[in-house]
Amino acid sequence: MQARKSSASRVERERCLEAAMSNRTLISIVDDDEPYRDSMRKLIMLLGYTVEAFASAADFLRSRHLPDTACLVADVHMPGMTGVELHRHLVDAGYAIPTILVTAYPDEIVRDRALKDGVVCYLGKPVDDDYLERCLRSALQPGTPIEDNS
């Protein structure tokens, strides 16, 4: 049974990768930590997505990539506008961009509030690659529970 599940999840992963490659789904990353931002950009590119990375929420909001962003991965704690504030700003401005928040300082209250506000995932750094991949799939395929994407 485990071999069948493993084989099925591999097939599903390959289908998602093919879909991402064929439509060049844009994932935008907003994180003020340059080494982490670059690492996350490389990881998400390896998963088959087109990636744009920004050092601040203001940079992202000014970019021409905002309307094309299919999913946002943002740090919770950034100078200026936090990832939580960025998500709220986008929702208030009418942008329904699925958002994944990452943080080096997990906080249950912030997590619960963010998830209530519609954030897809709230992840602690360092991010587990497989869990990030499941979060991305869930963000890009609304209604798909993260647990069912393994």
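From a predicted model like this one, the values you see are computed outputs, not experimental measurements.
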**Request:** Starting from the C-alpha separation in whole Å, work towards a yes-or-no answer on side chain to side chain contact (heavy atoms under 4.5 Å, CB included) for V127 and D129.
**Result:** CA-CA 6 Å; V127 172; D129 298 1; 5.6 Å; no

**Item:** Within-4.5 Å side-chain heavy-atom neighbours: V73 and V30
**Value:** no

**Asked** Are any of the side-chain heavy atoms of L140 and I27 separated by less than 4.5 Å?
**Response** yes

**Prompt:** Knowing that exactly one of K125, R37, R41 qualifies, which makes a side-chain hydrogen bond (donor to acceptor under 3.5 Å, both in side chains) with D31?
**Reply:** K125

**Request:** Report the C-alpha distance between V110 and V84 in whole Å, list the side-chain angles of each, state the deciding distance to 0.1 Å, and finish with yes or no for side chain to side chain contact (heavy atoms under 4.5 Å, CB included).
**Result:** CA-CA 8 Å; V110 173; V84 174; 3.9 Å; yes

**Message:** What's the separation between atom OG in S56 and atom CE in M78, rounded to the nearest 0.5 Å?
**Reply:** 7.5 Å

**Message:** Tell me the closest heavy-atom pair linking T25 and A70, and the distance in Å.
**Reply:** CG2-CB, 3.4 Å

**Prompt:** So, E85 side chain and T82 main chain: donor-acceptor pair closer than 3.5 Å or not?
**Reply:** yes

**Request:** Specify the closest pair of heavy atoms between L66 and S63, including all atoms of both residues, with the distance to one decimal.
**Result:** N-OG, 3.4 Å

**Prompt:** Which is it for C135 and L123 under the side chain to side chain contact (heavy atoms under 4.5 Å, CB included) test, yes or no, and what are the steps along the way?
**Reply:** CA-CA 9 Å; C135 286; L123 307 174; 4.0 Å; yes

**Asked** Quick one: does L86's side chain get under 4.5 Å of L61's, heavy atoms only?
**Response** yes

**Asked** Does one hydrophobic cluster hold both Y122 and Y131, with members joined at side-chain heavy-atom distances below 4.5 Å?
**Response** no

**Message:** Could you measure the distance from the CG atom of D128 to the CD atom of E133? Nearest 0.5 Å is fine.
**Reply:** 10.0 Å

**Message:** Going by side chain to side chain contact (heavy atoms under 4.5 Å, CB included), name the residues that satisfy it together with S28, two or more places apart in sequence or in a different chain.
**Reply:** L26, E52, F54, F60, T69, L72

**Fill in**
CE of M40 to CG of D33, rounded to nearest 0.5 Å, is 10.5 Å

**Closest contact, heavy atoms only, P67 versus Y95** = CA-CE2, 4.4 Å

**Prompt:** Between D38 and E34, is any pair of side-chain heavy atoms under 4.5 Å apart?
**Reply:** yes

**Request:** Give the intermediate values and the outcome of salt bridge (Lys or Arg N to Asp or Glu O under 4.0 Å) for residues D130 and R134.
**Result:** CA-CA 6 Å; D130 291 331; R134 290 193 301 267; 5.5 Å; no

**Prompt:** With hydrophobic residues grouped by side-chain heavy-atom distances under 4.5 Å, do L132 and Y36 end up in a single group?
**Reply:** yes

**Request:** Evaluate the side chain to side chain contact (heavy atoms under 4.5 Å, CB included) criterion for residues M45 and K42: first the C-alpha distance (whole Å), next the side-chain angles of each, then the deciding distance (0.1 Å), finally the verdict.
**Result:** CA-CA 5 Å; M45 284 176 62; K42 289 174 186 171; 5.6 Å; no

**Request:** State, to 0.1 Å, how close D75 and V102 come at their nearest heavy-atom pair, and which atoms those are.
**Result:** OD1-O, 2.9 Å

**Fill in**
Shortest non-hydrogen pair, R64 vs D68, comes out as O-OD2, 4.0 Å

**Shortest non-hydrogen contact from C71 toward L136** = SG-CD2, 3.9 Å

**Message:** Hydrophobic cluster membership, with links at side-chain heavy-atom distances under 4.5 Å among I/L/V/M/F/W/Y: are L90 and I100 in one?
**Reply:** no

**Message:** Determine whether a donor-acceptor pair (N or O, by modelled atom type, separation under 3.5 Å) exists between the side chain of H87 and the backbone of D117.
**Reply:** yes

